[in-house]
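Data block below; observations after.
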Amino acid sequence: MKKESRGVCIAAGLALAFLCAAPAFGQTTSDLAIAVSDSPDPVRVGTNLVYSITLTNAGPHAAADVVVTDILPTNMTFVSCALSQGSYEQVEDEVTCDLGSLGVGATAAVTIVVLPILEGVVTNNVSVGSSGEDPDPGNNRAFCVTTNLPQNRSPVIAVPGPHTLVVGMATSFLVTVQDPDHDPGLAVVNTVYPAGAAFANSNWSWTAAAGYAGTSNRVVFVADDGEGEPNSIVTNSTWVVVLFDSNDNQINDGWEWTHFSNLTTSATADNDGDKSLNIEEYIAGTQPTNAASLFRILACSGSSMSSNRTVTVSTETNRKYTIRFASGAYSNNTPWASFRTAASGVWIETRGSTNYTFTDDEGTNTTGSAPLFRQYRVSVEMQ
Ligand SMILES: [Ca+2]
Ligand SMILES: [Ca+2]
Ligand SMILES: [Ca+2]
Ligand SMILES: [Ca+2]
């Protein structure tokens with residue numbers, strides 16, 4: 001490296017003074033250069049924008065007191081600043097970065113984060129200077145232009161209020177979705193729904209199957225405007241309620257629909273002629289269209305000379321059964337007694353449609369004796 005000539009030169013014979021490009025004695029020369037880029041561009045108002053500023057020193061000397069100045073555009077609000085060296089000061093829209101020395105061939109970086117607050121096209125100007133001379137001040141300034149887009153507006157999903165439905169019946173309703181920005185990627189999907197529902201051309205439809213009697217079904221729609229913004233995706237929902245007993249006959253509508261395919265069959269009829277009314281078959285869990293499906297005691301075994309009398313009964317799942325007994329010869333006035341430990345004569349069937357065998361061990365928990373005759377009676381009720 002060689003020292004440059006220096007000083008204020010006065011041309012001989014002329015009363016004019018001018019600054020030479022050469023530095024004064026003791027000063028250094030450094031060709032600093034600055035560049036700035038933005039990301040993302042375009043950027044949404046309300047979403048951070050990053051300015052990446054890079055410095056280089058092409059020499060020939062190290063630069064001292066390097067200062068970067070960024071006067072932020074008026075529609076950008078300062079958020080933060082990070083430097084590879086030195087420190088910064090921010091006053092209102094002016095960010096001043098004191099980077100100290102920058103060696104020949106060295107680089108430095110300044111990262112400024114801003115928040116766009118107004119839409120429009122925005123220019124950010126940055127500059128660098130030092131205490132030395134710069135032979136090429138033309139690259140000491142740089143700018144970048146950013147397009148601030150309006151803040152994204154969320155889609156809006158319109159759904160009707162709760163629908164009430166009867167088993168076997170169909171319902172449908174319109175679901176409309178709009179995007180205030182008219183974003184072209186707008187789409188809506190039905191994410192939560194009861195089995196068998198359909199959603200096409202903004203129309204949601206469903207027929208309530210028997211198993212849905214007495215249920216409330218949430219139906220959820222999700223819209224996405226395709227802009228990838230935090231507010232791009234919205235959710236809305238409604239409910240479809242299926243009545244348990246719409247015809248008020250104390251029978252689950254789903255059970256009626258399953259066995260009769262209608263809700264008009266009388267609860268007090270005996271469709272299969274097995275002497276058990278439809279409502280009794282409902283309570284017992286038996287089939288009202290099958291005479292062989294009947295709640296009854298299937299077998300009773302044991303005698304007064306042997307303990308462990310057994311009673312076998314046909315049972316259905318989720319029904320509560322209670323067995324009682326009467327000792328001695330049967331008559332219309334024979335009282336029915338509970339077993340000594342009540343729980344021993346009560347059970348809830350959980351195994352499906354099957355048979356249950358109750359054992360009267362004639363011990364302390366049951367009847368405590370073995371009389372000559374003993375009758376049993378079993379009742380069933382909804383659990
Ligand atoms: Ca939008
Ligand atoms: Ca009913
Ligand atoms: Ca019947
Ligand atoms: Ca039956």
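It should be emphasised that the depicted structure is a prediction, and the values quoted were computed from it without experimental measurement. Both ligands and their constituent atoms are indexed starting at 1 by order of listing.
Taking 3.0 Å as the criterion, Q287 counts as a coordinating residue of the Ca ion (ligand 4), since one of its N, O or S atoms falls below it. At a threshold of 3.0 Å, the Ca ion (ligand 4) has a backbone or side-chain N, O or S atom of S293 nearer than that distance. Residue R153: an N/O/S atom is found under 3.0 Å from the Ca ion (ligand 1). Under 3.0 Å from the Ca ion (ligand 3) lies an N/O/S atom of E281, whether from backbone or side chain. Contact annotation: S276 places an N, O or S atom under 3.0 Å from the Ca ion (ligand 3).
Annotation: the span from I112 atom CD1 to D38 atom CG amounts to 12.5 Å, rounded to 0.5 Å.
Listed for the D181 side chain is no donor-acceptor partner under 3.5 Å among the backbone atoms of D183.
Within D181, the N/O/S atom positioned nearest the Ca ion (ligand 1) carries the name OD2. With respect to the Ca ion (ligand 4), D274 has OD2 as its nearest N, O or S atom. Considering just the N/O/S atoms of D225, the one nearest the Ca ion (ligand 1) carries the name OD2.
F221 has its ring centre less than 6.0 Å from the ring centre of F199. Ring centroid separation for the pair Y212 and W257 does not come in under the 6.0 Å cut-off. Taking the six-membered ring for Trp and the full ring otherwise, the centers of W204 and F173 sit less than 6.0 Å from each other.
Take the Ca ion (ligand 1) as the corner point: the lines to OD1 of D179 and to OD1 of N152 open at 160°, to the nearest 10 degrees.
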